[in-house]
Amino acid sequence: MDKKTFYITTPIYYPSDKLHIGHAYCTVATDAIARYKRLRGYDVMFLTGTDEHGQKIEAKAKAAGVTPKEFVDRIVEGEKGIKDLWRLMNISNDRFIRTTDDYHVQSIQRVFRKMYDNGDIYKGKYSGKYCKDCESFWTETQLVDGKCPDCGRPVQDAEEEAYFFRLSKYAKPVQELLETGTFLEPASRVNEMINNFIKPGLEDLCVSRTSFTWGVPVDFDPGHVVYVWVDALYNYCTALGLYNDRYHDFEKYWPADVHVVGKEIVRFHSIIWPAMLMSAGLPLPKKVYGHGWLIIDGGKVSKSKANNSTNVIDPYILSEKFGVDALRFFLLRTFPFGSDGNFSNELLISTINTDLANDLGNLVSRTTAMIEKYFGGRLPAGRVSDPMDDELKAMIAALPGRYAAQMDIYQPHLALEEVFRCIQRANKYIDETAPWKLAKDEANKPRLAEVMYNLLEALRVSLICLTPFMPESCDKAFAQIGAQDCRSWDDAVYGALKGEFTVRKGETLFPRLDLDKTMAELEEISRRSKAPAAKPVLPDVTIDEFAKCDMRVCKVLSCEAVKKSEKLLKFQLDDGSGTPRQILSGIHKFYEPEQLVGKTVVAILNLPPRKMMGQDSNGMLLSAVCEKDGKEELHLMMLDDSVPAGAQLC
């Protein structure tokens with residue numbers, strides 16, 4: 001009998017910069033759900049990836065002096081890039097799609113043509129507001145205080161020839177989809193979509209651009225590239241083989257069981273995406289789940305806050321400091337999935353200490369230590385039960401069902417709450433049964449063995465449920481309690497641990513953290529991580545090669561801005577030769593002319609003359625460039641005024 005399939009996706013992330021803890025939150029949640037479904041016996045397809053086209057990427061690549069493809073390759077495939085991060089965080093995705101993949105580009109061209117041929121895409125002219133950061137078009141009335149309603153950044157006027165998708169045509173069926181059934185969850189998102197977007201009147205959607213080139217070309221109209229959201233949304237289908245020959249399991253896994261997305265892109269997934277699928281005649285996904293934001297310093301976690309927050313939110317740093325499993329657990333235990341949650345390093349440390357060190361870690365440590373001490377690590381077959389065992393046994397028996405009920409409706413925080421009720425009850429059971437007292441009398445050994453067995457079973461069933469959240473730590477704990485071969489979902493019943501098994505107390509899984517000390521360490525890590533990285537030393541030069549650079553002290557006779565240039569300043573310098581020397585330098589961003597007149601500077605004099613804005617520049621001023629708080633700083637090299645003009649540096 002074939003397994004039942006389950007297709008789950010994260011959004012594909014925009015690689016304009018390194019990812020932060022908010023991206024990790026979404027991906028870890030999706031991973032935990034995928035692992036849970038595999039535990040239940042499903043044939044799971046878990047997709048994540050990157051959305052690599054668009055105007056913002058093109059602009060950032062240009063500023064970095066590389067091609068757009070080189071720019072995204074560094075962030076996706078490079079050291080400590082997106083793929084490295086998901087490997088570090090033990091993300092179990094089955095596929096990773098990049099929208100620059102050849103097969104995806106081919107598929108998007110075909111689907112665009114299909115929607116054009118059926119009359120749902122037409123040519124027109126776009127005039128309105130555009131947010132480059134979100135790659136989103138807005139009407140004047142949708143702006144909030146004149147800015148993008150999603151990210152709060154400034155928008156720009158946009159006017160260009162474009163193709164449009166007849167989104168308005170699908171307003172009624174999309175509204176019916178949202179109002180009936182559970183296509184979009186949490187339910188609070190439904191009213192937001194209908195009242196804010198559909199009822200005011202859905203406008204046709206701009207689906208191509210001509211003002212930039214970094215995108216999927218419209219193959220039947222050169223000069224147009226496919227608008228990023230059409231390109232991005234169809235990844236969920238192209239990664240299964242829709243309109244391409246790379247994969248061949250579209251019919252097996254589509255429609256998706258759930259798209260897990262952040263609430264800021266719910267509009268695209270719950271309105272635009274189903275409308276485009278309706279246009280293409282394709283089945284709709286079963287569910288879109290819009291989780292909440294992690295809030296830090298009063299606002300949504302963002303790439304800019306990653307550089308400026310007083311809290312450390314780099315998932316690399318947090319994983320290396322606290323462990324991957326502790327971070328995974330914290331994200332899904334602490335924040336109600338579907339609502340916003342306030343993130344802080346103090347809360348992370350507190351959760352590790354309370355839940356992992358005190359509750360789970362303590363139960364593992366005490367149980368394994370007592371079984372080793374009292375029974376040499378192996379429980380005897382003869383055991384004696386007592387009515388005081390009944391409550392714990394009943395809780396163990398009920399746990400899998402209560403846990404599954406929450407996981408099946410995408411409430412991982414409530415599923416974990418069920419697990420920790422059982423763990424906390426087991427810790428209380430230790431105090432109630434007082435094994436250390438039973439151990440004093442050999443006649444109580446059968447009773448003591450039963451107490452130990454009940455603790456092992458509470459641990460074992462709890463660990464089965466925790467495996468999707470903390471896979472590596474659970475592996476270690478199963479090894480300590482001797483239950484490596486009794487950890488499937490079918491084994492998640494009281495009494496499944498039978499036969500011979502050996503318990504060995506191992507390493508402390510979750511050491512308790514000193515709050516003040518750990519916070520101080522995080523502050524130091526944060527300070528170091530924000531410090532500009534030193535550039536590598538250039539290849540060696542000989543002393544003779546260095547001596548060819550004629551570096552001399554100069555006095556600034558005059559300085560003025562170069563007309564029609566925002567960067568250039570024009571210097572007249574006394575270089576000791578008796579004839580003023582003219583040098584142009586692009587430092588106006590950092591200095592005003594009046595600040596520099598009379599200063600003593602250093603210049604290389606024997607560079608070939610060059611034209612800048614039509615004027616001669618005979619040499620180059622020396623300066624130091626660094627980065628501070630994410631911004632470039634330049635410091636012109638200045639010497640003591642007592643050093644005479646013409647003095648040579650050596």
Side-chain angles (χ1 to χ4, degrees), residues 36 39 325-326 329-330 332-334 336 350-371 374 379 383-407 411-439 444 446-470 473-474 476-478 480-483 486-487 489 491-497 501 503 505 508-510 512:
Y36 161 71
L39 182 65
D325 278 354
F329 173 82
F330 164 73
L332 301 183
R333 167 71 158 145
T334 311
S350 174
T351 301
I352 291 172
N353 282 340
T354 301
D355 290 336
L356 297 183
N358 288 2
D359 289 344
L360 175 60
N362 202 27
L363 181 60
V364 173
S365 178
R366 295 172 80 186
T367 301
T368 55
M370 287 189 292
I371 293 175
Y374 303 141
L379 293 181
R383 301 191 295 269
V384 175
S385 61
D386 186 276
M388 72 164 52
D389 305 337
D390 294 347
E391 184 179 338
L392 179 60
K393 289 181 178 179
M395 187 168 279
I396 297 168
L399 174 58
R402 297 174 69 89
Y403 163 89
Q406 299 298 342
M407 291 297 288
Q411 296 293 287
H413 62 292
L414 295 179
L416 287 171
E417 180 64 29
E418 296 293 344
V419 176
F420 273 79
R421 284 200 188 101
C422 185
I423 290 171
Q424 289 158 3
R425 184 65 187 86
N427 277 317
K428 183 181 177 183
Y429 176 76
I430 294 176
D431 296 332
E432 292 171 344
T433 55
W436 51 91
K437 292 182 180 178
L438 293 173
N444 291 330
R447 173 64 190 141
L448 179 60
E450 177 71 6
V451 170
M452 293 297 104
Y453 182 80
N454 292 338
L455 292 173
L456 282 176
E457 285 295 80
L459 260 176
R460 188 184 61 80
V461 175
S462 295
L463 289 170
I464 291 172
C465 296
L466 288 173
T467 297
F469 298 88
M470 301 188 295
S473 297
C474 288
K476 294 176 181 178
F478 276 119
Q480 289 190 27
I481 66 173
C486 193
R487 52 181 299 182
W489 186 254
D491 294 324
V493 292
Y494 177 85
L497 187 62
F501 52 89
V503 176
K505 180 174 170 55
T508 300
L509 296 178
F510 302 102
R512 186 170 178 80

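Treat the numbers as computed from the prediction; the structure is a model and nothing was measured. This chain uses plain numbering: 1 for the first residue, then up along the sequence.
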Working to the nearest 0.5 angstrom, can you tell me the gap between L466 CG and L360 CG?
6.0 Å

How far does CG of D325 sit from SG of C474, to the nearest 0.5 angstrom?
7.0 Å

Results of side-chain contact (heavy atoms from CB on, under 4.5 Å) for P435 - residues two or more places apart only
M370, Y374, I430, T433, L448, V451, M452

Got a donor-acceptor contact below 3.5 angstrom from the E457 side chain to the G495 backbone?
yes

R425/I396 under side chain to side chain contact (heavy atoms under 4.5 Å, CB included): CA gap, chis, key distance, verdict
CA-CA 10 Å; R425 184 65 187 86; I396 297 168; over 6 Å; no

Can you measure from CZ (R333) to CG (L414) and round to the nearest 0.5 angstrom?
10.0 Å

Where C422 and M395 come nearest, the two heavy atoms and their spacing
CA-SD, 3.5 Å

Not counting sequence neighbours, which residues clear side-chain contact (heavy atoms from CB on, under 4.5 Å) with D431? List them please.
R366, W436

Sort and list the pairs that fulfil side chain to side chain donor-acceptor pair (under 3.5 Å) and have at least one residue in residues 397-406, not counting sequence neighbours.
R402-E418

If you take all heavy atoms of K393 and S385, which pair is closest and at what distance?
NZ-CB, 3.8 Å

Side-chain donor/acceptor of R460 to backbone N/O of I481, under 3.5 Å:
no

Could you tell me whether a side-chain N or O of D359 sits under 3.5 Å from a main-chain N or O of Q424, the two making a donor and an acceptor?
no

Which distance, rounded to the nearest 0.5 Å, do you find between the CG of D355 and the CD1 of I423?
8.5 Å

Does the T367 side chain pair with the main chain of V364, one donor and one acceptor, at a distance under 3.5 Å?
no

The residue among V461, I464, L399 that forms side chain to side chain contact (heavy atoms under 4.5 Å, CB included) with V419 is L399

ring-ring contact (aromatic ring centres under 6.0 Å, His included) filter on F329, not counting sequence neighbours, yields F420

By side-chain contact (heavy atoms from CB on, under 4.5 Å), A426 pairs with (sequence neighbours left out) L363, L392, L455, A458

In Å, rounded to the nearest 0.5 Å, how long is the span from CG of L497 to CG of L379?
8.5 Å

At their closest point, which heavy atom of P400 faces which heavy atom of W489, and how far apart are they?
O-CH2, 3.6 Å

Who are the side-chain contact (heavy atoms from CB on, under 4.5 Å) partners of D386, not counting sequence neighbours?
M388, D389, R447

Roughly how far, to the nearest 0.5 Å, is the CG atom of L39 from the SG atom of C465?
8.0 Å

Do the rings of Y494 and Y453 sit parallel, tilted or perpendicular, given the 30° and 60° boundaries?
perpendicular

Would you mind reporting whether K476 and M470 have side-chain heavy atoms less than 4.5 Å apart?
no

